[in-house]
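If you're wondering where the values come from, they're calculated on a predicted model, not measured in any experiment. All values below were derived from every heavy atom in this structure, side-chain atoms included, with hydrogens, water molecules and symmetry-related copies excluded.
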There are 2 protein chains.
Amino acid sequence: MVHAHSARDRARLVSEAERLCAEAGETLTPLRRRVLELLIAKDGPAKAYDLLAELDGESGPAKPPTIYRALDFLMKLGLAHKIESLNAFVACDVGACARATIFLICDKCGRTDEFDAGHALVDLGEAARKDGFEIKHTMIEAKGLCAACKQAA
Amino acid sequence: MVHAHSARDRARLVSEAERLCAEAGETLTPLRRRVLELLIAKDGPAKAYDLLAELDGESGPAKPPTIYRALDFLMKLGLAHKIESLNAFVACDVGACARATIFLICDKCGRTDEFDAGHALVDLGEAARKDGFEIKHTMIEAKGLCAACKQAA
DNA sequence: ACCCATATGTTATGATATAGCATTCAGCCG
DNA sequence: CGGCTGAATGCTATATCATAACATATGGGT
């Protein structure tokens with residue numbers, strides 16, 4: 001569980017991303033890097049069109065495909081994830097992970113933490129395999145109240 | 001894991017739904033019932049606008065709010081679920097369940113089965129609670145290859 | 001210089017979902 | 001009865017989310 005990133009954290013995540021891209025034979029172009037930085041800075045779920053607005057630069061406003069392509073790229077490398085239940089995107093907290101993601105989403109404040117599933121996922125994979133189903137990717141989104149909001153209630 | 005429903009299964013699910021609504025002090029109106037029947041008949045993920053098209057009746061085509069309201073109602077009672085990663089809806093296989101859903105979704109054929117998590121969910125709930133997070137609802141969507149498609153590959 | 005692959009820009013449109021207000025209808029109470 | 005109320009549905013318009021298809025760069029290899 002990671003909370004707000006420090007400047008050092010942010011820099012580390014980005015350089016980690018550089019390394020991963022190089023490894024994968026892909027390039028973290030300025031645009032992609034910029035989007036990743038925006039996601040990291042946001043430190044929570046970000047809407048595609050909001051990111052788009054932040055990209056606006058010299059030559060007028062950016063267009064939707066721009067941001068969706070960058071996000072697709074980041075997701076392909078596991079550097080970002082989509083929170084399906086929010087139609088929003090987050091930077092991966094742990095550098096990159098492609099196989100499975102677990103998010104705890106606070107209904108009240110919107111805070112969203114990436115979470116380590118531990119063995120729960122293994123169990124699920126095994127149970128599915130017994131039915132002949134081969135899991136490639138698992139997405140878990142749990143909604144409820146975060147510690148802070150629970151206290152406030 | 002339930003596969004295609006027999007006519008008897010379908011009837012049972014609907015009467016089960018009637019009972020649940022009565023219990024909850026809600027009414028399964030003709031419209032809501034119709035939507036539930038469509039969902040059950042479809043026996044797989046259904047898009048809102050496709051359901052809408054099937055609703056078309058005497059007085060011209062149905063409008064989006066009609067179907068979304070019916071779906072919201074069914075979901076509130078746990079009679080239907082939304083598959084977030086597909087923007088689609090399914091009837092609940094087991095009559096009704098509100099707390100958690102697990103789906104195995106075949107990337108190839110689109111087949112989607114509701115699955116019993118067993119203890120995996122309990123583990124997740126406990127792990128989250130250790131961080132002070134109170135889970136209200138968990139949604140799990142696992143994608144991969146179903147037995148049939150794996151065999152065909 | 002040329003070609004090619006990859007990335008980005010741009011226009012248009014498709015797909016998904018909701019806000020806000022009008023209408024209907026059943027139950028109920030004076 | 002007559003009118004009130006709340007729940008459900010109908011309807012118009014619009015917001016939000018996402019992609020197809022094609023045009024334009026840009027950089028590396030030969």
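- When the C1' atom of D:dA18 is taken as reference, atom CG of B:L86 falls 15 Å away, rounded to whole Å.
- For B:Y68, whose side chain is taken as the heavy atoms from C-beta onward, the closest listed nucleotide among D:dT12, C:dA17, D:dG10 is C:dA17.
- When the nearest nucleotides of DNA chain C are assigned to A:Y49 and A:P65 by heavy-atom distance, the more 5′-ward of the two goes with A:P65.
- In summary, B:E26 and B:K76 engage in a salt bridge, as defined by a charged side-chain N under 4.0 Å from a carboxylate O.
- Atom CG in A:D56 sits roughly 17 Å away from atom P in C:dT8 (whole-Å rounding).
- Atom NZ of B:K150 sits in a crowded spot, with more than 12 heavy atoms from other residues, nucleotides or ligands closer than 6.0 Å.
- Summarising the geometry, the separation between NZ on A:K76 and C1' on C:dT6 is reported as 10 Å, rounded to the nearest angstrom.
- Checking each of A:L74, A:L38, A:T27, A:L28 against A:R33 for a side chain to side chain contact (heavy atoms under 4.5 Å, CB included) leaves exactly one that passes, namely A:L28.
- The CD-P distance, from A:E84 to C:dA17, rounds to 11 Å in whole Å.
- Remark: P of C:dT8 and CD of A:E26 are 11 Å apart, rounded to the nearest angstrom.
- Ionic pairing of B:R19 and B:E23 is present here: one or more N-O contacts between side-chain nitrogen and carboxylate oxygen are shorter than 4.0 angstrom.
- The side chain of B:T66 lies closest to D:dG10, out of D:dG10, C:dT16, D:dT12.
- The phosphate of D:dA20 has neither OP1 nor OP2 within less than 4.0 Å of any side-chain N or O from A:K63.
- When heavy atoms are screened at a 4.0 angstrom cut-off, B:R69 is found touching base atoms of the nucleic acid.
- Where A:A48 and B:T29 meet DNA chain D, the nucleotide closest to each residue was compared, and B:T29 sits on the side nearer the 5' end.
- As rounded to whole Å, 8 Å separates atom P of D:dC17 from atom CG of A:D50.
- Note on A:N87: every side-chain N or O is 4.0 Å or more away from OP1 and OP2 of D:dT16.
- Of the candidates D:dG10, C:dA7, C:dT8, C:dA7 carries the atom nearest the A:T27 side chain, counting heavy atoms from C-beta on.
- The separation between A:L52 atom CG and D:dT16 atom P is 14 Å, rounded to whole Å.
- With hydrophobic clusters built from ILVMFWY side chains whose heavy atoms lie under 4.5 angstrom apart, B:L124 shares a cluster with A:I135.
- Of the candidate nucleotides D:dA18, D:dC11, C:dA17, D:dA18 has the atom lying nearest to any side-chain atom of A:F89.
- At least one side-chain nitrogen or oxygen of B:K47 sits closer than 4.0 Å to the OP1 or OP2 atom of C:dT16.
- Following rounding to the nearest Å, B:D72 (CG) and D:dA7 (C1') show an atom-to-atom distance of 15 Å.
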